[in-house]
Amino acid sequence: HDVLRTTYIDRGGVPFRAISGQKAIELERVSRGSLTECEVHSAVSESAAMPFDLEHGPIVRAKLFEVEADASIFVFAAHHIAVDGTSM
């Protein structure tokens with residue numbers, strides 16, 4: 001969808017939107033490694049709370065925390081300019 005590939009540029013105080021070409025959302029994978037359960041949950045919270053750069057994008061992020069061999073935590077974050085609560 002165009003809105004997921006849109007960035008917002010300030011030109012002399014006037015906002016413009018720029019829609020980039022087709023590109024996939026990158027899925028960052030994070031293995032638990034030596035992190036404790038508490039550190040994993042902190043990393044998940046930090047990932048979800050990271051700010052977005054509306055001028056340079058992307059305005060959506062996906063991260064997969066591989067906690068155990070058979071358990072993962074998937075974080076999908078999108079700026080509210082592109083996705084609202086109902087859409088999620």
Side-chain angles (χ1 to χ4, degrees):
H1 297 300
D2 289 351
V3 71
L4 300 177
R5 295 180 284 112
T6 300
T7 53
Y8 301 87
I9 303 163
D10 180 351
R11 292 187 182 156
V14 179
F16 287 90
R17 62 184 187 146
I19 302 171
S20 65
Q22 296 286 344
K23 63 180 174 181
I25 296 172
E26 289 187 33
L27 175 62
E28 182 180 347
R29 292 176 178 263
V30 179
S31 65
R32 179 174 179 170
S34 62
L35 297 177
T36 66
E37 184 175 343
C38 185
E39 290 170 327
V40 169
H41 287 284
S42 290
V44 167
S45 295
E46 288 173 17
S47 177
M50 285 178 49
F52 291 93
D53 182 345
L54 294 179
E55 186 172 349
H56 299 102
I59 60 173
V60 295
R61 289 191 298 265
K63 192 178 275 193
L64 184 67
F65 291 87
E66 298 168 334
V67 181
E68 300 291 338
D70 61 346
S72 298
I73 300 170
F74 179 69
V75 177
F76 178 80
H79 192 280
H80 67 271
I81 201 167
V83 179
D84 63 10
T86 302
S87 300
M88 290 296 282

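Count residues from 1 along the sequence.
Both tests do not hold together for R17 against Y8: distance to the six-membered ring centre under 6.0 Å, angle to the ring axis within 45°.
Looking only at distances, no side-chain donor or acceptor of S47 sits under 3.5 Å from a matching main-chain atom of A43. Between the R5 side chain and the S20 main chain, a donor and an acceptor come within less than 3.5 Å of each other. No donor-acceptor pair closer than 3.5 Å links the side chain of H1 to the backbone N or O of V3.
Taking both residues in full, the closest heavy atoms of L4 and A82 are given as CD2-CB, 4.2 Å, listed atom of the first, atom of the second, then distance. The two atoms that bring A48 and A77 nearest to each other are O-CB, 4.4 Å, heavy atoms only. When every heavy atom of F52 is checked against every heavy atom of I59, the shortest pair comes out as CE2-O, 3.4 Å.
Here L27 contributes atom CG and F76 contributes atom CZ; the two are 11.0 Å apart, rounded to the nearest 0.5 Å. Considering CD1 of I9 and NE2 of H56, their distance stands at 8.5 Å, rounded to 0.5 Å. From Q22, atom CD reaches atom CD1 of I19 across 11.0 Å, with rounding to the nearest 0.5 Å. To the nearest 0.5 angstrom, T6 atom OG1 is 13.0 Å from H79 atom NE2. Interatomic distance, CZ of R61 versus CD of E28, reported as 10.0 Å (0.5 Å rounding).
Both I25 and L64 belong to a common hydrophobic cluster when Ile, Leu, Val, Met, Phe, Trp and Tyr are linked at side-chain heavy-atom distances under 4.5 angstrom. Cluster membership check: V44 does not share its hydrophobic cluster with M50, using side-chain heavy-atom separations under 4.5 Å among Ile, Leu, Val, Met, Phe, Trp and Tyr. Criterion: ILVMFWY side-chain heavy atoms under 4.5 Å apart, direct or through other members. Under it, V75 and V83 are not part of a common hydrophobic cluster.
Contact annotation: the side chain of I81 approaches that of L54 to within less than 4.5 Å [non-hydrogen atoms, C-beta and beyond].
Residues in residues 32-46 take part in these salt bridge (Lys or Arg N to Asp or Glu O under 4.0 Å) pairs, two or more places apart or across chains: R32-E68.
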Open item on the list: With side chain to side chain contact (heavy atoms under 4.5 Å, CB included) as the criterion, how do I73 and V67 come out once you've worked through the C-alpha distance, each side chain's angles and the decisive distance to 0.1 Å?
Closed with: CA-CA 7 Å; I73 300 170; V67 181; 3.9 Å; yes

